[in-house]
2 protein chains.
Amino acid sequence: MALEHAILVSLLEQPGSGYELARRFDRSIGRFWTATHQQIYRVLRRMEADGWVAAEEVAQDGRPDKKVYSAAGPGRAALAEWLREPVEPETVRHELAVKIRAAAFDDPAALTALISEVERHRESHAALLARYLHGEQRDFPDLDALDTRQELQHLVLRGGIEFERMNLAWLDDVLATLRRLASG
Amino acid sequence: MALEHAILVSLLEQPGSGYELARRFDRSIGRFWTATHQQIYRVLRRMEADGWVAAEEVAQDGRPDKKVYSAAGPGRAALAEWLREPVEPETVRHELAVKIRAAAFDDPAALTALISEVERHRESHAALLARYLHGEQRDFPDLDALDTRQELQHLVLRGGIEFERMNLAWLDDVLATLRRLASG
DNA sequence: ACAATCATGTAAGCCGTTACATGATTGG
DNA sequence: CCAATCATGTAACGGCTTACATGATTGT
């Protein structure tokens, strides 16, 4: 239940509207925490009611008004408290792994279908890795001159990069194995 | 929503009661799909109503009766159909990553607390890797003599092993970085 | 005696997804 | 003119977690 905390971190890095937050969750934050705009709006209202965030109505010309949220004192305190609590292990849900083991109980044609599926996954992971590497060059051009905040952001990004490299290597392994089984 | 399918795969590999399934989800299957016994019982009842699984009451001496489930024809058909549908990308929820970025907005003491947390995580991932490697030696002593089902099981296990190796390497990176930031 | 294991369940509540709705502006 | 973007929301449903409940047996 860390959506509140992910939102607080994002607002501390940069105040913004619910809409802007939703876009950040689609882009950078979505690397390690996903959320739809409906979730974000609902949680923002609750956080505002609890005094965790402060909202300021901002009139815009040519666009609808927006409510710009920023992290408030009680929100920072809640974040600090949460930081000191242990987190439980992440629950794993790996559909592709279920499919691979399921393929043993289907006819050989299922292996062929699974190969196409895995190829699609491989492509999307390769694209994600490319985006990470591009973002790294753009946001961290000089790795020897980072402040603490950037160091921590880059640390998380490195995790994403290594995760995707591992994924690609494993998916190559999966493809080689499935092709061997499909042809043999 | 692949819990049904994960259960079907498990029952195809070996029929069993809800309780036994829950234990498998705690052990081997939990590597790529988690579920509590409450979820499993509820889904099993629905699957039985839909004819996906067949239940047989088994009386035991000294223990409560149990219902042993096995995958039925419609269940296998549903699994085959699901295998041919594309899966969406997994949603990522990485609490530790949120905490690392949150640490930038707390006092330095938070970094120290986070280091202990990461050390705990490192230990549990190291233990998991050791269990995977041990299980690999036990269940797949001769990698050149595997049937298709075992090949696919080993493929998934290799994914788990590489995932944990990647995790360990990244957590070492995290510890080194946090310690440098905490002392500097 | 006590804890652990076997075996199954109810109930409450939050979380998350999906679909739908509104209404204005900008760019092709 | 149509699609996309900006901006916020309601409603319904189902999934998942947490807490609680029951009751017997085996091992220390």
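Numbers restart at 1 for each chain; the letters A, B, ... are given by sequence-line order, proteins then strands. Both backbone and side-chain heavy atoms feed into the values below; hydrogens, waters and symmetry mates do not.
Ion pair B:Asp173/B:Arg180 not flagged as a salt bridge, since none of the NZ, NE, NH1 or NH2 atoms sits closer than 4.0 Å to an Asp/Glu carboxylate oxygen. Salt-bridge annotation for B:Glu117 and B:Arg120: present, with a side-chain N of the basic residue lying under 4.0 Å from a carboxylate O of the acidic one.
Within the 4.0 Å cut-off from OP1 or OP2 of C:dC6, not a single side-chain nitrogen or oxygen of B:Ser17 is found. At the phosphate of D:dA4, neither OP1 nor OP2 sits under 4.0 Å from any side-chain N or O atom of A:Arg23. The phosphate of D:dG9 has neither OP1 nor OP2 within less than 4.0 Å of any side-chain N or O from A:Tyr41.
Note on A:Val156 and A:Leu146: separate hydrophobic clusters, where clusters join Ile, Leu, Val, Met, Phe, Trp and Tyr whose side-chain heavy atoms are under 4.5 Å apart, directly or indirectly. The hydrophobic cluster containing A:Leu114 also contains B:Phe32, counting ILVMFWY residues as joined when their side-chain heavy atoms lie under 4.5 angstrom apart, directly or transitively.
For the pair A:Arg45 and A:Asp65, both in contact range of DNA chain D, the more 5′-proximal nearest nucleotide belongs to A:Asp65.
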Fill in: Verdict with supporting geometry, A:Leu11 and A:Ser70, side-chain contact (heavy atoms from CB on, under 4.5 Å)
CA-CA 5 Å; A:Leu11 289 179; A:Ser70 50; 5.6 Å; no

Practice prompt. Given side-chain contact (heavy atoms from CB on, under 4.5 Å), test B:Arg101 with A:Glu13 step by step and report yes or no.
Written response: CA-CA 9 Å; B:Arg101 279 176 74 151; A:Glu13 289 178 354; 2.8 Å; yes

Practice prompt. Please test A:Arg76 against A:Trp52 for side-chain contact (heavy atoms from CB on, under 4.5 Å), starting from the C-alpha separation and ending with a verdict.
Written response: CA-CA 7 Å; A:Arg76 288 187 79 123; A:Trp52 286 23; over 6 Å; no

Give me, pair by pair, the N or O atoms of the protein and of nucleotides 24-26 of chain C that are less than 3.5 Å apart, along with how far apart they are.
residue	atom	partner	partner atom	Å
C:dT25	O4'	A:Gly62	O	3.4

Identify each atom pair where a protein N or O and an N or O of nucleotides 17-20 of chain C are less than 3.5 Å apart, giving names and distance.
residue	atom	partner	partner atom	Å
C:dT17	OP2	A:Gln39	OE1	3.0
C:dT17	O4	A:Arg42	NH2	3.4
C:dA19	N6	A:Gln38	NE2	3.1

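Paired with A:Val98 under the rule side-chain contact (heavy atoms from CB on, under 4.5 Å), one option of B:Val87, B:Leu79, B:Leu83, B:Val9 passes, and it is B:Val9.
Here the side chain of B:Tyr19 is nearest to one of C:dA7, D:dA7, C:dT10, namely C:dA7.
With rounding to whole Å, B:Leu44 atom CG is found 13 Å from C:dT10 atom P. When rounded to the nearest whole Å, the span between NZ of A:Lys66 and P of D:dT5 equals 17 Å. In this entry the distance linking CD of B:Glu20 with C1' of C:dA7 reads 10 Å, nearest Å. The distance from atom CG of B:Asp26 to atom P of C:dA7 is 15 Å, rounded to the nearest whole Å. For B:Trp33 and D:dC16, the CH2 to C1' distance is 12 Å, given to the nearest whole Å. Atoms CD1 (B:Ile40) and P (D:dT17) sit 11 Å apart, rounded to a whole Å. When the P atom of C:dA7 is taken as reference, atom OH of B:Tyr69 falls 13 Å away, rounded to whole Å. Counting to the nearest Å, the P atom of C:dA7 and the CD atom of B:Glu56 are 15 Å from each other.
Across its full length, the helix from C:dA1-D:dT28 to C:dG28-D:dC1 shows an angle of 40° between the axes of its 5 terminal pairs at either end, rounded to 10 degrees.
Closest of all the heavy-atom pairs between B:Gly16 and B:Glu20 is CA-OE1, 3.1 Å. Of all the heavy atoms in B:Ala55 and B:Glu48, the pair that sits closest is CB-OE2, 3.5 Å.
Ring orientation note: the planes of A:Trp82 and A:His5 are close to parallel, at an angle under 30° on the 30°/60° scale.
A 4.5 Å side-chain heavy-atom check between A:Gln39 and A:Leu3 finds at least one atom pair inside the cut-off.
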